[in-house]
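Note sheet for the following structure.
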Amino acid sequence: MKKIIVAIDGHSSCGKSTMAKHLSLKTGYTYIDTGAMYRAVTLFCIRNGIFITDGIDLASLSKEIKKLHISFKTDNNGKQLTLLNGEVVEKQIRGMDVSGKVSHVAAIDFVREAMVVLQRNMGKNRGVVMDGRDIGTVVFPDAELKVFVTASDEIRAKRRYNEMISKGEKVNFTDILYNVRERDYIDSNRKISPLKLAEGALLFDNSNMTIEEQDEWLFTQFERAIAK
């Protein structure tokens, strides 16, 4: 059976990563969370004082970006973990501190260029499910299946709130809703690789769907793409 690339783009906290993970498990494809890559760069910036009073120290970051090694591995329970220079940083990159800054880092041209090179290399043999903001528009515009996932901002904020509460984190719903809306604006209006519907992509609003329903919908689209 031929292998394809599944490109899943969409707004923050819309459930695209959950969809991508579940499809990869069902199909045996490799899952690549490109959002985690930008989060890892953001964590590096926080740890190394690259965020300054006036914004981001671009000169320092440009010297470091190509030295960063971002990779993934699977733990004993089948969960994918993100590594930054060999260190597992999965928990650290999911906090609100990183969430509040990641869209600013992801809008930097040389950061996106470096990540796109890594992402294309990861998917060069196809057989991958990759989610992010510009997979269908920039990274793999020739992907056989392109999906753009969205949901209302309040539903997405509620999902993010519940997820973080379940992990024992102390968070405020209002702060999360603000973060979701801010990220939407930055992601959709940046000059480099803005978040938008890719040509030929399927628009999928999962506001009122269960995880099982969205998984079924995506697998149906996968089967159709494979059959072409």
Original post:
Which heavy-atom pair separates Leu195 from Arg190 by the least distance, and what is that distance?
Top reply: N-NH2, 4.4 Å
Subject >> Within-4.5 Å side-chain heavy-atom neighbours: Arg156 and Ser12 >> reply: yes
Subject >> Any side-chain heavy-atom pair of Thr82 and Val88 under 4.5 Å >> reply: no
Subject >> Check: Phe148 main-chain N/O paired with Asp9 side-chain donor or acceptor under 3.5 Å >> reply: no
Original post:
Do Val138 and Val129 belong together in a cluster built from hydrophobic side chains that touch within less than 4.5 Å?
Top reply: no
Original post:
Yes or no on side chain to side chain contact (heavy atoms under 4.5 Å, CB included) for Gln92 and Val98, after CA distance, side-chain angles and deciding distance?
Top reply: CA-CA 8 Å; Gln92 295 90 325; Val98 169; over 6 Å; no
Subject >> N-O pairing of Glu87 and Arg47 below 4.0 Å >> reply: yes
**OP:** Rounded to the nearest 0.5 Å, what's the gap from CD on Gln80 to CG on Leu25? Could you check?
**Re:** 10.0 Å
Subject >> No-hydrogen, no-angle side-chain donor-acceptor test under 3.5 Å, Asp215 and His22 >> reply: yes
Subject >> Carboxylate-amine/guanidinium proximity below 4.0 Å for Glu163 and Arg159 >> reply: no
Original post:
For the residue pair Cys14 and Asn206, what are the closest heavy atoms and their distance?
Top reply: O-ND2, 2.8 Å
**OP:** Measure across Thr42 and Tyr38 and return the closest heavy-atom pair with its distance rounded to 0.1 Å.
**Re:** OG1-O, 2.8 Å
Subject >> Beyond-backbone contact of Leu145 with Ile5, side-chain heavy atoms, under 4.5 angstrom >> reply: no
Subject >> Glu213 (side chain) donor-acceptor with Thr210 (main chain) under 3.5 angstrom >> reply: yes
**OP:** Please examine the side chains of Gln214 and Phe204, heavy atoms only from C-beta on, and report whether any two atoms are closer than 4.5 Å.
**Re:** yes
Original post:
Does any non-hydrogen side-chain atom of Ile70 lie less than 4.5 Å from one of Val41?
Top reply: yes
Original post:
Do you reckon Val105 sits in the same ILVMFWY cluster as Ile135, going by side-chain contacts under 4.5 Å, direct or chained?
Top reply: yes
Original post:
Ile186 and His104: side chain to side chain contact (heavy atoms under 4.5 Å, CB included), yes or no, with the steps?
Top reply: CA-CA 7 Å; Ile186 295 173; His104 298 282; 3.4 Å; yes
**OP:** Please confirm whether the backbone N or O of Phe44 pairs with a side-chain atom of Asn48, one donor and one acceptor, at under 3.5 Å?
**Re:** yes
Original post:
Counting distance only, does the side-chain N/O of Asn179 pair as donor-acceptor with the main-chain N or O of Asp175 below 3.5 Å?
Top reply: no
Original post:
Looking only at heavy atoms, what is the nearest atom pair of Lys16 and Gly132, with distance?
Top reply: CE-O, 3.3 Å
Subject >> side-chain hydrogen bond (donor to acceptor under 3.5 Å, both in side chains) evaluation trace for Tyr161 with Asn172 >> reply: CA-CA 8 Å; Tyr161 175 82; Asn172 180 280; over 6 Å; no
Original post:
Counting only heavy atoms not in Lys2, do more than 12 sit closer than 6.0 Å to its NZ atom?
Top reply: yes
**OP:** Look at atom CD of Glu216 and say whether more than 12 heavy atoms of other residues, nucleotides or ligands are closer to it than 6.0 Å.
**Re:** no
**OP:** Check for a donor-acceptor pair, side chain of Ser207 on one end and backbone N or O of Ser152 on the other, with a separation under 3.5 Å.
**Re:** yes
Original post:
Out of curiosity, Asn189 CG to Ser103 OG, how far, rounded to the nearest 0.5 Å?
Top reply: 11.5 Å
Original post:
Is there a side-chain contact between Met164 and Met96 (heavy atoms, below 4.5 Å)?
Top reply: yes
Original post:
Would you call Asp187 and Arg133 a salt bridge, using N to O less than 4.0 angstrom?
Top reply: yes
Subject >> Donor on one side chain, acceptor on other, Ser17 and Asp131, under 3.5 Å >> reply: yes
Original post:
Asp134 side chain to Thr137 main-chain N or O, any donor-acceptor pair under 3.5 Å?
Top reply: no
**OP:** Decide yes or no for Val147 and Trp217: does some side-chain heavy atom of the first lie under 4.5 Å from some side-chain heavy atom of the second?
**Re:** yes
Original post:
Does Phe140 belong to the same Ile/Leu/Val/Met/Phe/Trp/Tyr cluster as Phe72, with side-chain heavy atoms less than 4.5 Å apart forming each link?
Top reply: yes
Original post:
So, does Ser60 use its side chain to make a donor-acceptor pair with the main chain of Asp57 at under 3.5 Å?
Top reply: no
**OP:** Evaluate the salt bridge (Lys or Arg N to Asp or Glu O under 4.0 Å) criterion for residues Lys21 and Asp33: first the C-alpha distance (whole Å), next the side-chain angles of each, then the deciding distance (0.1 Å), finally the verdict.
**Re:** CA-CA 9 Å; Lys21 289 175 186 176; Asp33 179 0; 5.8 Å; no
Original post:
Does the distance from a Lys or Arg side-chain N to an Asp or Glu carboxylate O, for Glu199 and Lys146, drop under 4.0 Å?
Top reply: no
Subject >> Donor-acceptor contact below 3.5 Å, side chain Lys101 vs main chain Leu43 >> reply: no
**OP:** Tell me whether Val116 is reachable from Val102 by hopping between hydrophobic residues (I, L, V, M, F, W, Y) whose side-chain heavy atoms are closer than 4.5 Å.
**Re:** yes
Original post:
Transitively linked via ILVMFWY side-chain contacts under 4.5 Å: Val139 with Leu68?
Top reply: yes
**OP:** Using only heavy-atom distances, determine whether the side chains of Arg39 and Ser99 contain a donor-acceptor pair under 3.5 Å.
**Re:** yes
Original post:
Yes or no on side chain to side chain contact (heavy atoms under 4.5 Å, CB included) for Val111 and Leu61, after CA distance, side-chain angles and deciding distance?
Top reply: CA-CA 9 Å; Val111 172; Leu61 182 54; 3.8 Å; yes
**OP:** Could you give me the CA-CA distance, side-chain angles and deciding distance for Arg181 and Tyr185, then say whether side chain to side chain contact (heavy atoms under 4.5 Å, CB included) is met?
**Re:** CA-CA 6 Å; Arg181 289 171 173 170; Tyr185 180 82; over 6 Å; no
Subject >> Shortest non-hydrogen contact between Leu197 and Ala201, atoms and distance >> reply: CD1-CB, 3.9 Å
Original post:
With a 4.5 Å limit on heavy-atom distance, are the side chains of Met115 and Thr34 in contact?
Top reply: no
Original post:
Taking all non-hydrogen atoms of both residues, which atom of Tyr29 and which atom of Gly127 are closest, and how far apart?
Top reply: CD2-C, 3.3 Å
Subject >> Main-chain N/O of Ile226 paired with Glu144 side-chain donor or acceptor, under 3.5 Å >> reply: no
Subject >> Heavy atoms from other residues, nucleotides or ligands near OH of Tyr178 exceed 12 (cutoff 6.0 Å) >> reply: no
